[in-house]
2 protein chains.
Amino acid sequence: MPHAHPPLPPAPFPAPSHDHARCVATALATAETLCGERGARLTGLRRQVLELVWESHGPIGAYDLLDRLRALRSGAAPPTVYRALEVLMEQGLVHRINRLNAFIGCAHPDAPHEGQFLICTRCGTTAELDEPAIAHAIEQRARALGFAVEHRTVEVTGLCPSCRPG
Amino acid sequence: MPHAHPPLPPAPFPAPSHDHARCVATALATAETLCGERGARLTGLRRQVLELVWESHGPIGAYDLLDRLRALRSGAAPPTVYRALEVLMEQGLVHRINRLNAFIGCAHPDAPHEGQFLICTRCGTTAELDEPAIAHAIEQRARALGFAVEHRTVEVTGLCPSCRPG
DNA sequence: AGACTATATGTTATAATGTTTCATTCATGA
DNA sequence: TCATGAATGAAACATTATAACATATAGTCT
Ligand SMILES: [Zn+2]
Ligand SMILES: [Zn+2]
Ligand SMILES: [Zn+2]
Ligand SMILES: [Zn+2]
């Protein structure tokens, strides 16, 4: 049925006023489904960490996560968070932003991928792209130099539509 | 004179057997010239750190630099290295590789720019690109989303021509 | 159920990376 | 030569991440 509307992907830069509780609920439900399909275990701890990661649409540091997790689990320590993040990243539910030593929920976790990120330096809101043109431009130049690409890190900082002057 | 050969840029992936002492000497001489032109001060310490950074064509961590610097300056401490690196980065003589928490000498320091890096995971050799097609692909998608780009981090890992099987 | 196994989590310590602060030295120019 | 600002020395501290080992939990087999 080629004329059916596909489900709209979430806007790359959600409006500050959007119903973020729904984003979180969706992300958790999707994670549950995907882990179920894959035989991966989304334990209580991992679910809690994923929920904390999704508290905003911006990257959050491991120790900030830890502070918040401690409200839920008094004994939480750095490995508690890092181990959960490791599994969540393996499952493609969370990405790491190297520039910021921080983590963000994946916007399209259905298929494994490396994201490309547009990070607002003012409000932190971050859009995740998966733009073939960018990957292709990299791939093409690498190939010309005889370089076999494994991983691509693309992290762009700037101002999001809400924070941009004018 | 459109038919004159322009000076060849250094190969993005230098052969392992190349005369690297010449790379280092060229990099130091260029740095000297550029700093002279700009009224920036390439002090003895900064020159030493730049030379250590250029010991290879791969990224090197701040504490590895510190270890080596201590052979030359017994009292060196972390700020010794980080302060020198800060100045060298301001002058565009060194880039930071966020993925690796490491630093590498800039291959074309004449004009200020952010590099794009192809990093060999086997031997560490890293090529610095300044490929308009990559920057353009990013810029174009960002613009479409209303995002005003400030900085672009492009760090690609893989295997260089020398390390690639076949 | 009971024993076995693999996975997950708790707990403590430590490693790796990066910054702040204040004192001292050095270059430069009035 | 003295005043000034930049650069470096030195110590402490902050942040980010991992290692090592103990305990608990969840499935699996008998
Ligand atoms: Zn949201
Ligand atoms: Zn913003
Ligand atoms: Zn060389
Ligand atoms: Zn290589």
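Source: prediction; values computed, not measured. A note on names: the letters A, B, ... follow the listed sequences, proteins ahead of strands, and every chain is numbered from 1.
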Nucleotide nearest [X] (side chain, heavy atoms from C-beta), chosen from [options]:
X	options	result
B:Pro78	C:dA8, C:dT12, C:dT19	C:dT19
B:Thr80	C:dA27, D:dG9, C:dT9	D:dG9
A:Pro79	C:dT11, C:dT20, D:dA17	C:dT11

Side-chain ion pair, A:Arg141 and B:Glu131, N-O less than 4.0 Å: yes

Where A:Ile104 and A:Phe117 come nearest, the two heavy atoms and their spacing: CG2-CE2, 4.1 Å

What's the [atom1]-[atom2] distance between [X] and [N], to the nearest Å?
X	N	atom1	atom2	result
A:Leu45	C:dA8	CG	P	11 Å
A:Leu66	C:dT12	CG	C1'	14 Å
B:Tyr82	C:dT17	OH	P	7 Å
B:Glu86	C:dT20	CD	C1'	13 Å
B:Ile60	C:dT17	CD1	P	11 Å
A:Asn98	D:dA17	CG	C1'	13 Å
A:Leu85	C:dA8	CG	P	15 Å
A:Arg73	D:dT25	CZ	C1'	12 Å

Side-chain (B:Arg152) to main-chain (B:Ala135) donor-acceptor, under 3.5 angstrom: no

Toward the 5' end of DNA chain C, by each residue's nearest nucleotide, B:Arg83 or B:Leu100: B:Leu100

Phosphate-side-chain proximity, [X] and [N], N/O vs OP1/OP2 below 4.0 Å:
X	N	answer
A:Arg46	C:dT7	no
A:Thr43	C:dT9	yes
B:Asn101	C:dG18	yes

Sole residue of A:Glu114, A:Glu155, A:His113 in side chain to side chain donor-acceptor pair (under 3.5 Å) with A:His95: A:His113

A:Tyr63 aromatic ring stacked with six-membered ring of D:dT16, 5.5 Å and 30°: yes

A:Leu69 vs A:Leu45 side-chain heavy atoms within contact, under 4.5 Å: yes

